[in-house]
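As a basis for the values below, the full set of heavy atoms in this structure was taken, side chains included, without hydrogen atoms, waters or symmetry mates.
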Amino acid sequence: MQRPEVDSLRFFDVDRYLGKWYEIQRYENDFQENLDCVQLRYTLNEDRSVQVSNSAFSLLNDSTINVVGTAELSFPDDPLVPAKLNVTFFGAPNNVSNYWVLDTDYERFSVVWNCQPVGEEQSEENFWILSRTPTLPADTEVLYRVHSIMQRYVDRSLLRFTRQLDER
């Protein structure tokens, strides 16, 4: 069975998405290997781009790491305002839509996906479930929406729970 084409949320409101998010689950990936307590902060810059500040606890060397990047809407002039952003770290230019919000209510949860080419014939897929609190709310609507996305797009065997041990 082939997975359906991935659709991002429409009419995305960047201002409502700003603030602190906790990572609840993710696909394990090279750039997040051996990290827990992953938290994200999104703040608006004067030019309407978004500062992305990701912090985490490294299980390898028992230290906190923080990386800062920038996000911009991938298609700012599209009247549907798709929830697709170009996110970049370390000042590298990025013209690729690599952060797709598949669903969010802005106040309790967000489901994020990306797929990036790796070479000419392969790609790497990433998936994150985020929450405004260190655990995903046990609200029926939230769980239904998250699990509906997961049923459509996610290989559950690849998911890893992110431990949130404290308020970093």
Side-chain angles (χ1 to χ4, degrees), residues 2-32 35 38-56 65-133 136-137 139 141-142 144-155 158-159 162:
Q2 190 171 4
R3 182 183 68 201
E5 185 175 324
V6 177
D7 294 314
S8 71
L9 186 70
R10 294 181 181 179
F11 306 108
F12 184 63
D13 186 339
V14 171
D15 292 326
R16 290 183 63 201
Y17 201 75
L18 300 174
K20 184 175 183 176
W21 291 94
Y22 294 86
E23 181 184 273
I24 303 301
Q25 277 186 293
R26 70 169 183 259
Y27 280 173
E28 190 69 29
N29 52 59
D30 291 342
F31 60 89
Q32 283 187 289
L35 297 180
V38 179
Q39 298 174 17
L40 310 95
R41 282 186 174 77
Y42 301 114
T43 54
L44 199 60
N45 293 320
E46 284 185 26
D47 66 358
R48 297 288 302 160
S49 66
V50 175
Q51 180 184 22
V52 179
S53 177
N54 293 350
S55 64
I65 61 169
N66 191 58
V67 294
V68 177
T70 303
E72 296 180 346
L73 283 173
S74 300
F75 306 101
D77 299 326
D78 187 325
L80 295 179
V81 193
K84 297 179 180 182
L85 295 102
N86 298 16
V87 179
T88 184
F89 291 95
F90 311 111
N94 179 27
N95 60 356
V96 176
S97 182
N98 61 352
Y99 186 99
W100 292 20
V101 179
L102 304 185
D103 196 8
T104 186
D105 67 356
Y106 302 98
E107 297 170 9
R108 298 172 292 175
F109 81 98
S110 180
V111 180
V112 179
W113 175 86
N114 94 348
C115 185
Q116 301 213 110
V118 179
E120 291 183 29
E121 306 264 335
Q122 294 181 323
S123 60
E124 177 181 74
E125 193 171 2
N126 291 293
F127 180 82
W128 298 272
I129 297 172
L130 308 176
S131 175
R132 292 288 189 180
T133 57
L136 191 64
D139 178 276
E141 178 194 0
V142 169
Y144 175 79
R145 288 171 68 176
V146 169
H147 289 288
S148 293
I149 295 283
M150 290 172 69
Q151 277 186 309
R152 290 183 71 195
Y153 304 123
V154 174
D155 179 347
L158 300 176
L159 284 174
T162 305

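Atoms CD and CG, on Gln32 and Asn54 in that order, are 7.5 Å from each other to the nearest 0.5 Å. Interatomic distance, CZ of Arg145 versus CG of Leu102, reported as 12.0 Å (0.5 Å rounding). Atom CZ of Arg132 and atom NZ of Lys20 lie 11.0 Å apart (nearest 0.5 Å). If you take OG on Ser74 and CZ on Phe12, they are separated by 10.5 Å, rounding to the nearest 0.5 Å. Residue Asp103 holds its CG atom at 11.0 Å from CD1 of Ile129, rounded to the nearest 0.5 Å. Note that the CZ atom of Phe127 and the CD atom of Glu28 stand 14.5 Å from one another [nearest 0.5 Å].
Smallest separation of non-hydrogen atoms from Pro79 and Phe11: O-CE2, 3.6 Å. Pairing each heavy atom of Leu85 with each of Ala71, the nearest pair is CD2-CB, 4.1 Å. When all heavy atoms of Trp100 and Val6 are compared, the pair lying nearest together is CZ3-O, 3.5 Å. Between Ala83 and Ser8, the shortest heavy-atom distance links the atoms N-OG, 3.6 Å. Contact record, Asp105 with Arg16: O-NH2, 3.6 Å, taken as the closest heavy-atom pair. The shortest heavy-atom contact between Leu136 and Phe109 is CD1-CB, 4.0 Å.
Counting heavy atoms from C-beta on, the side chains of Leu159 and Tyr27 come closer than 4.5 Å. Within the 4.5 Å cutoff, the side chain of Lys84 has no heavy atoms near those of the Asp78 side chain. The closest side-chain heavy-atom distance from Arg26 to Val38 is below 4.5 Å. Side-chain atoms of Trp113 and Val111, non-hydrogen and from C-beta on, never get closer than 4.5 Å to each other. Annotation: side chain of Tyr22 is not in contact with side chain of Thr162 (no heavy-atom distance under 4.5 Å).
A donor-acceptor pair is defined here as one N or O able to donate and one able to accept, closer than 3.5 Å; such a pair exists between the side chain of Asp47 and the backbone of Ser49.
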### Query
What's the verdict on side chain to side chain contact (heavy atoms under 4.5 Å, CB included) for Asn29 and Trp128, showing C-alpha distance, side-chain angles and the deciding distance?
CA-CA 11 Å; Asn29 52 59; Trp128 298 272; 4.1 Å; yes
### Query
Does the side chain to side chain contact (heavy atoms under 4.5 Å, CB included) test come out yes or no for Val52 and Tyr42, once each step is laid out?
CA-CA 5 Å; Val52 179; Tyr42 301 114; 3.7 Å; yes
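Remark: Arg10 CZ is loosely packed, at most 12 non-hydrogen atoms of other residues, nucleotides or ligands lying under 6.0 Å away. No more than 12 heavy atoms of other residues, nucleotides or ligands lie within 6.0 Å of OH in Tyr144, so this atom counts as exposed by the packing criterion.
Annotation: cation-pi geometry not satisfied between Arg41 and Trp21 (NZ/CZ under 6.0 angstrom from ring centroid, within 45° of ring axis).
Of the options Leu18, Thr43, Val87, a side-chain contact (heavy atoms from CB on, under 4.5 Å) to Val50 is made by Leu18 and by none of the others.
Looking only at atom types and distance, the side chain of Thr104 has no donor-acceptor partner in the side chain of Tyr17 under 3.5 Å away. For the 3.5 Å distance criterion, the side chains of Asn66 and Ser55 fail to qualify, holding no donor opposite an acceptor. Asn114 and Asn98 form no side-chain donor-acceptor contact under 3.5 Å, judged by distance and modelled atom types alone.
The pair Arg48-Asp15 counts as a salt bridge, with a side-chain nitrogen and a carboxylate oxygen less than 4.0 angstrom apart.
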